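The block underneath contains the structure these notes are about, expressed in structure tokens.
Owing to the predicted nature of the structure, the values given are computational and were not obtained by experimental measurement. Ligands are counted one by one from 1 in listed order, and the atoms in each one are counted from 1 as well. Atoms considered below: every heavy atom in the structure, side chains included; atoms not considered: hydrogens, waters and symmetry mates.
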Amino acid sequence: MTKEEKYQSVLPQIRSLLSGEADMIANMANMVAVLHETFGFWWTGFYRVVPNTDDPATAGELVLGPFQGPIACTRIPFNKGVCGTAWAQSKTIIVPDVHLFPGHIACSSLSKSEIVVPFFSHGQVFAVLDIDSAELNTFDAIDQEYLEQLATLL
Ligand code: SME
């Protein structure tokens with residue numbers, strides 16, 4: 001099965017898994033589990049945007065959410081690492097080789113390539129989906145297209 005065929009088969013699965021369930025964390029957890037199992041990624045998970053209640057005027061930070069894979073960094077500042085950059089720029093970032101991304105945050109030395117997709121609510125990023133691969137050059141426009149479709153399901 002090609003990567004595109006895999007995405008085409010998991011999208012309806014995820015859609016039906018999430019339909020009728022309003023709890024965001026539960027839905028994030030199942031979405032991550034399906035992706036991780038189907039594609040065999042190294043690490044698949046969410047970071048949620050959490051406001052700074054002491055200073056609501058600032059952006060806040062990303063805090064680790066549901067994930068599958070090895071333990072990961074808990075907090076990522078705005079505009080830092082691939083995740084914080086995808087959040088700051090409100091766009092998907094594909095990193096073919098993490099060693100060539102300035103400021104990449106290495107939660108695992110085995111991670112070699114990465115994609116981060118922002119999830120929006122009312123035009124604001126409320127979470128990012130971060131997927132790491134143990135191989136170089138894993139992610140391309142096909143991953144971006146289908147993962148951005150997933151981003152409309154939460
Ligand atoms: N590499 C990410 C950090 C999160 S871990 O990969 C799970 C980054 O640079 O933002």
Side-chain angles (χ1 to χ4, degrees), residues 3 6-7 10-11 13-14 17-18 23-121 123-154:
K3 175 160 78 172
K6 283 188 189 174
Y7 277 115
V10 297
L11 255 155
Q13 270 181 50
I14 294 176
L17 199 57
L18 270 51
D23 189 274
M24 174 79 71
I25 300 292
N27 286 338
M28 285 176 162
N30 268 335
M31 191 181 277
V32 155
V34 171
L35 291 173
H36 198 76
E37 289 286 311
T38 304
F39 293 94
F41 295 129
W42 172 249
W43 193 93
T44 313
F46 280 97
Y47 281 90
R48 297 161 301 121
V49 173
V50 175
N52 178 352
T53 44
D54 293 334
D55 190 357
T58 58
E61 60 188 341
L62 292 172
V63 181
L64 184 63
F67 73 95
Q68 301 261 324
I71 56 166
C73 326
T74 315
R75 290 170 187 268
I76 298 176
F78 184 71
N79 214 16
K80 298 287 178 200
V82 187
C83 293
T85 304
W87 173 24
Q89 296 184 2
S90 295
K91 63 169 204 196
T92 297
I93 298 185
I94 294 171
V95 183
D97 179 350
V98 297
H99 296 108
L100 302 180
F101 186 94
H104 168 256
I105 299 167
C107 295
S108 159
S109 59
L110 293 176
S111 170
K112 293 206 175 69
S113 59
E114 184 165 357
I115 185 169
V116 179
V117 180
F119 280 45
F120 298 92
S121 173
Q124 299 284 328
V125 177
F126 69 91
V128 299
L129 175 63
D130 178 18
I131 306 180
D132 288 32
S133 165
E135 315 288 330
L136 292 168
N137 298 310
T138 296
F139 305 104
D140 57 25
I142 292 176
D143 300 277
Q144 175 167 1
E145 179 189 336
Y146 286 98
L147 295 172
E148 286 179 355
Q149 286 186 41
L150 279 185
T152 63
L153 299 182
L154 281 187

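No part of Phe101 comes within 4.0 Å of ligand 1, judged by heavy-atom distances. With a 4.0 Å heavy-atom cut-off, ligand 1 is reached by the backbone of Val82 and by its side chain too. When heavy-atom distances to ligand 1 are checked against a 4.0 Å cut-off, Cys83 comes that close through both its backbone and its side chain. Counting heavy atoms closer than 4.0 Å to ligand 1, residue Ile76 contributes side-chain atoms (C-beta onward) but none from N, CA, C or O.
Taking a cut-off of under 4.0 Å to the non-hydrogen atoms of His104, the atoms of ligand 1 that pass are 1 (N), 9 (O). Listed by atom number, the atoms of ligand 1 under 4.0 Å from Trp43 heavy atoms are 7 (C). Listed by number with element, the atoms of ligand 1 under 4.0 angstrom from any heavy atom of Asp132 are 6 (O).
Between the side chains of Thr92 and Glu148, at least one donor N or O lies within less than 3.5 Å of an accepting N or O.
Scanning both residues, Phe46 and Ala127, for their nearest heavy atoms gives CD2-CB, 4.2 Å. Nearest heavy atoms, Pro51 versus Val49: CD-O, 3.9 Å.
Closest to atom 4 (C) of ligand 1 among all protein heavy atoms lies Asp130 OD2, 3.2 Å. The protein heavy-atom contact nearest to atom 5 (S) of ligand 1 is Cys107 SG, 3.0 Å. Here the heavy atom of the protein found nearest to atom 2 (C) of ligand 1 is Glu114 OE2, 3.1 Å.
Within a 6.0 Å sphere centred on NZ of Lys3, other residues, nucleotides and ligands contribute more than 12 heavy atoms. Within 6.0 Å of the CD1 atom in Ile71, the count of heavy atoms belonging to other residues, nucleotides or ligands does not exceed 12. Around atom CD of Glu37, no more than 12 heavy atoms belonging to other residues, nucleotides or ligands sit under 6.0 Å away.
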Would Arg75 and Leu64 satisfy side chain to side chain contact (heavy atoms under 4.5 Å, CB included), going step by step from the backbone distance to the final call? CA-CA 6 Å; Arg75 290 170 187 268; Leu64 184 63; over 6 Å; no
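Aromatic ring orientation, Phe41 versus Phe139: tilted (interplanar angle from 30° to 60°).
Between Ile105 and ligand 1, at least one N/O pair is under 3.5 Å apart.
Not a single heavy atom of Phe67 sits under 4.0 Å from any atom of ligand 1.
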